[in-house]
Amino acid sequence: MPILNDTTAPEINIPNGAIVQSATIIVTDDSEVKIYLQTNDEEEKEISNNYEVFEGVHTVRVIDASFNEYTITFEVDTTAPEFNYASGTHLGANSEIIVTDKNFDRVEVYVDNVLDTVYTTNTFTITNDATYKMVAYDKAGNSKTIYVAIDTTLPDIVTGVEGTYTNEDVTVKVYDKFLMTVVIDGVTYTRNDFEVGARNEYFSFEKLITEEGTHTVTATDKYGNTTTREFIIDKHAPVYSTLRILGGNLVKENGKNVRYAKVGTEVIVYTTFNEKLAVVPTVTLNGVVSKSSFLAKNGPYIYAAKFVISEEDGLNDGLISVEVTGYADAAGNVGEKLTSENLMAGQDTVIIDKTPVSINVSEGTLGNDPYRKLNVKLFDANEVVSVVINGEKLPHTGKYVDINDGDAYTFVEGPNTIVAKDKAGNVTTKVFIKDTVAPLYSTLRILGGNLHKENGKNVRYAKVGTEVYVYTTFNEKLAVVPTVTLNGVVSK
């Protein structure tokens with residue numbers, strides 16, 4: 001029997017490590033061979049040539065007559081990849097796609113049938129609104145194709161309310177291609193309550209809301225896109241609770257509080273309301289306008305308008321007259337006009353007094369006494385409340401104060417200082433000089449003409465055209481200059 005020198009191993013038609021959709025085992029060799037097959041975890045068995053195998057991992061071991069041996073492992077995979085995503089053919093924003101397959105290879109993503117992206121990982125996210133074709137492949141060549149659309153469009157809620165507040169009834173309108181639920185103030189409406197749009201392209205819903213208060217509308221579509229709108233219906237104008245004016249010196253008159261405001265005094269108009277205002281009040285004080293500012297919320301809402309009394313502000317002396325207008329809430333409801341008649345009960349009366357006390361010092365004989373020549377008259381429309389002369393306070397008060405020198409007060413020789421104050425705090429200071437001593441001359445001289453010595457004396461002769469001067473000197477400056485009479489001719 002001849003001895004064969006055969007060192008060549010048998011050949012198998014399937015590459016080692018291959019992953020295929022189907023397989024028939026074919027072995028070629030110059031001698032007879034034995035073929036053994038182990039599938040998955042099963043026991044190895046002998047098979048014939050041209051043996052078809054199915055799903056699973058297979059190990060083939062071949063031995064020829066010369067005991068040359070060859071072993072391969074391969075896999076038959078006939079299962080296509082699976083897609084995992086939210087149910088339906090439409091997905092929401094940022095949808096995650098997961099492909100499951102033990103032999104995953106890739107996913108080709110087409111947008112409008114044009115290849116857009118190839119993913120080599122089995123998990124990816126798509127974000128843009130579009131219709132997608134996705135083809136998943138495994139390494140055996142199995143594939144699966146799906147078509148999906150991304151819907152990130154939020155449901156449209158139309159209320160007609162600009163901002164948050166309105167003073168009118170509201171018709172809520174909701175639109176969306178895939179509208180599922182509308183919730184209004186806790187009440188849920190579903191597709192049985194919706195209208196279907198043209199060509200079944202969208203769903204719509206309408207509801208009229210008339211009740212005052214806060215209303216919340218939430219719309220959700222099939223893919224979880226949600227829109228929420230909140231609005232407030234307010235049909236009532238803001239209501240004031242108090243109107244008050246403060247500022248100036250407080251004086252009790254006939255059991256009532258009266259305030260007098262002088263130049264520099266801050267006069268503040270306070271108005272309180274039952275709600276915060278969107279348009280603050282305009283306050284008019286004796287014809288002068290100021291805007292209020294929000295002061296504080298302490299129970300009611302408080303607004304204050306400040307006026308600083310000045311000479312140029314246009315505010316005339318007298319009782320303050322107030323108007324509060326133009327205020328409105330966030331819904332546009334305008335409040336009623338308020339006037340002085342709306343001032344709170346017990347409100348202090350406020351009077352503007354820019355005019356200080358008038359002080360008039362006059363001279364003149366009183367009665368038959370030629371030495372009492374000083375008289376001081378004080379006047380203030382809102383009364384003089386304090387008179388101080390040379391540091392001494394007098395008891396005199398009233399609209400008219402009349403002080404005669406030597407009666408209630410004797411003025412001193414020389415400077416006298418009077419300080420008078422009225423109810424508003426206006427202060428007038430006047431200084432005058434009392435002078436009861438007549439002026440004293442020291443010299444009287446006449447000069448002019450040609451000088452001659454006669455009997456030891458100076459004699460002057462004045463001809464026509466000569467200037468003759470009469471000089472008189474006194475101990476003080478005169479208010480009335482002397483009248484000089486020269487030989488019957490008078491000159492000042």
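As a basis for the values below, the full set of heavy atoms in this structure was taken, side chains included, without hydrogen atoms, waters or symmetry mates.
Residues in residues 225-245 take part in these ring-ring contact (aromatic ring centres under 6.0 Å, His included) pairs, two or more places apart or across chains: H215-F231. Screening residues 11-54 for ring-ring contact (aromatic ring centres under 6.0 Å, His included) gives no qualifying pairs among residues at least two apart or on separate chains.
Put simply, the side chain of E69 never gets that close to the backbone of R61: no donor and acceptor are under 3.5 Å apart. No donor-acceptor pair under 3.5 Å is formed between the side chain of T227 and the backbone N or O of A219. Put simply, the side chain of Y327 gets close to the backbone of E336: a donor and an acceptor are under 3.5 Å apart. Between the D64 side chain and the S31 main chain, no donor and acceptor come within less than 3.5 Å of each other. Side-chain N or O atoms of K430 include none that pairs as donor or acceptor with a backbone N or O of N360 at under 3.5 Å.
Between the side chains of T152 and D129, at least one donor N or O lies within less than 3.5 Å of an accepting N or O. Looking only at atom types and distance, the side chain of T210 has no donor-acceptor partner in the side chain of D169 under 3.5 Å away. No side-chain N or O of D234 forms a donor-acceptor pair with one of N167 less than 3.5 Å apart. For the 3.5 Å distance criterion, the side chains of T216 and E230 qualify, holding a donor opposite an acceptor. Between the side chains of D422 and N382, not a single donor N or O lies within less than 3.5 Å of an accepting N or O. Between the side chains of T325 and T282, no donor-acceptor pair is found at a separation under 3.5 Å. Donor-acceptor pairing under 3.5 Å is lacking for the side chains of T190 and T181. Side-chain contact of K133 with N113: a donor-acceptor pair under 3.5 Å is absent, judged by distance alone.
In this view, A237 and N333 satisfy the side-chain contact (heavy atoms from CB on, under 4.5 Å) rule, not counting sequence neighbours. Listed by chain and residue number, nothing satisfies the ring pair (Phe, Tyr, Trp, His ring centres under 6.0 Å) test with Y132 (two or more places apart in sequence, or in another chain). Partners of K102 by salt bridge (charged side-chain N to carboxylate O under 4.0 Å, His left out), not counting sequence neighbours, listed by chain and number: E75. By the salt bridge (charged side-chain N to carboxylate O under 4.0 Å, His left out) test, D116 is found to be paired with no residue, residues two or more places apart in sequence or in another chain being considered. Checked against ring pair (Phe, Tyr, Trp, His ring centres under 6.0 Å), F83 has no partners two or more places apart in sequence or in another chain. Legend: residues meeting side chain to side chain donor-acceptor pair (under 3.5 Å) with K399, ordered by chain and number and at least two apart, are absent. In this structure K256 satisfies the side chain to side chain donor-acceptor pair (under 3.5 Å) test with no other residue, sequence neighbours excluded. For Y270, the ring pair (Phe, Tyr, Trp, His ring centres under 6.0 Å) test picks out no residue, with sequence neighbours left out. In terms of the salt bridge (charged side-chain N to carboxylate O under 4.0 Å, His left out) criterion, R229 has no residue partners (sequence neighbours excluded).
Using a 30° and 60° split on the angle between ring planes, F74 and H58 fall in the tilted class, from 30° to 60°.
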Which pairs of donor and acceptor atoms, one on a side chain in residues 13-22, lie under 3.5 Å apart (sequence neighbours left out)?
residue: N13; atom: OD1; partner: I26; partner atom: N; Å: 2.9
residue: N13; atom: ND2; partner: T24; partner atom: O; Å: 3.0
residue: N16; atom: OD1; partner: T73; partner atom: N; Å: 2.8
residue: Q21; atom: NE2; partner: N142; partner atom: OD1; Å: 2.7

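With values rounded to the nearest 0.5 angstrom, N68 atom CG is found 13.0 Å from Y70 atom OH.
The shortest side-chain heavy-atom distance between N342 and T339 falls under the 4.5 Å cut-off.
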Set out, in order, the CA-CA distance, both residues' side-chain angles and the distance that settles side-chain contact (heavy atoms from CB on, under 4.5 Å) for Y260 and L250, then state yes or no.
CA-CA 7 Å; Y260 289 87; L250 179 62; over 6 Å; no

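Of the charged side-chain nitrogens involved, none lies within less than 4.0 Å of a carboxylate oxygen, so that D353 and K262 do not count as a salt-bridged pair.
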